[in-house]
Amino acid sequence: MSKTSQQNTTTDVSGVSVIHTQAHSSGLQQVPQLVPVSPGGGGKAVPPSKQGKKNSFVDRNSDEYRQRRERNNMAVKKSRLKSKQKAQDTLQRVNQLKEENERLEAKIKLLTKELSVLKDLFLEHAHNFADNVQPAGTETTTANPENSGQ
């Protein structure tokens, strides 16, 4: 079996050379390969949005240019104001949270102090209660004059 292939090279309007390769004996059709035409080769691909702007001359005195600049300036101002407002909102929220944190920490201190006082009262009461109650079986018998003579 002999393998023969045929290559056709065409140049696109965007400056890209397209190589079409077709293998006859394998029965498979290969995908076209894109190869840059520039002599240095391996250059960066230009996005479609920038291709038309590369060589176009911009008249800075035209109405269209002035309108684009004004729209862009307004968009920049709006973006900066929005960013500044977001930073102010964040700072305000941080201050609110700090104040709330301080209030909560003060409340924790107060409740901890109250808990300590209540614990001390409870332990004092429990200690006094234990001193007043005698264990079972160690009761002292007192002589009852009415029952002793009978």
Side-chain angles (χ1 to χ4, degrees), residues 9-23 26-150:
T9 304
T10 58
T11 303
D12 194 341
V13 289
S14 62
V16 176
S17 175
V18 180
I19 301 174
H20 300 280
T21 307
Q22 184 177 17
S26 65
L28 298 175
Q29 188 175 11
Q30 294 181 353
V31 179
Q33 300 172 352
L34 298 178
V35 178
V37 175
S38 62
K44 285 188 176 180
V46 179
S49 63
K50 303 258 180 177
Q51 284 178 353
K53 296 179 183 179
K54 190 175 183 180
N55 292 330
S56 65
F57 174 74
V58 178
D59 182 13
R60 293 181 181 228
N61 296 325
S62 70
D63 289 338
E64 180 186 356
Y65 176 78
R66 281 275 80 215
Q67 287 175 350
R68 272 201 240 146
R69 292 303 317 143
E70 286 178 23
R71 280 199 319 261
N72 181 264
N73 289 342
M74 289 189 323
V76 167
K77 284 179 185 177
K78 183 178 177 182
S79 174
R80 288 178 181 159
L81 283 174
K82 187 176 178 181
S83 177
K84 189 182 286 187
Q85 182 65 42
K86 188 175 180 180
Q88 287 176 346
D89 291 345
T90 302
L91 185 61
Q92 184 179 4
R93 179 73 174 140
V94 166
N95 290 333
Q96 287 175 347
L97 290 173
K98 281 182 180 179
E99 289 175 7
E100 184 180 0
N101 193 30
E102 289 173 2
R103 282 195 313 271
L104 290 173
E105 285 178 357
K107 190 172 186 176
I108 287 171
K109 284 182 181 179
L110 179 68
L111 290 173
T112 302
K113 193 181 268 187
E114 186 178 342
L115 178 64
S116 177
V117 169
L118 291 174
K119 270 186 184 178
D120 291 343
L121 284 173
F122 176 77
L123 291 175
E124 185 180 332
H125 178 73
H127 181 67
N128 289 338
F129 183 73
D131 287 347
N132 291 335
V133 175
Q134 296 183 3
T138 60
E139 293 181 21
T140 55
T141 54
T142 56
N144 193 353
E146 296 175 4
N147 292 339
S148 61
Q150 297 174 358

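As the structure is a computational prediction, the values presented were derived from the model and not from experiment.
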Point-to-point distance, once rounded to the nearest 0.5 Å, from [atom1] of [X] to [atom2] of [Y]:
X	Y	atom1	atom2	value
S79	K84	OG	NZ	12.0 Å
K107	E100	NZ	CD	10.5 Å
N128	L123	CG	CG	11.0 Å
Q88	T90	CD	OG1	10.0 Å
D89	Q92	CG	CD	6.5 Å

Do [X] and [Y] have side chains that approach each other closer than 4.5 Å (heavy atoms only, starting at C-beta)?
X	Y	result
L81	Q85	no
E99	R103	yes
N72	R69	yes
D120	E124	no

Legend entry - Enclosure of E114 CD (heavy-atom neighbours >12, cutoff 6.0 Å):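 Open: at most 12 neighbouring heavy atoms sit under 6.0 Å from CD of E114.
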
Inset, instruction - Give a yes or no on this: more than 12 heavy atoms of other residues, nucleotides or ligands lie within 6.0 Å of atom CG of N73. - result: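 Atom CG in N73 is packed in, count exceeds 12.
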
Legend entry - Whether T112 side chain and I108 backbone form a donor-acceptor pair below 3.5 Å: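 Such a contact is found between T112 side chain and I108 backbone.
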
Inset, instruction - Run the salt-bridge test on R68 and E64 with the 4.0 Å N-O cut-off and return the result as yes or no. - result: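 A salt bridge is present here (some side-chain N lies under 4.0 Å from a carboxylate O).
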
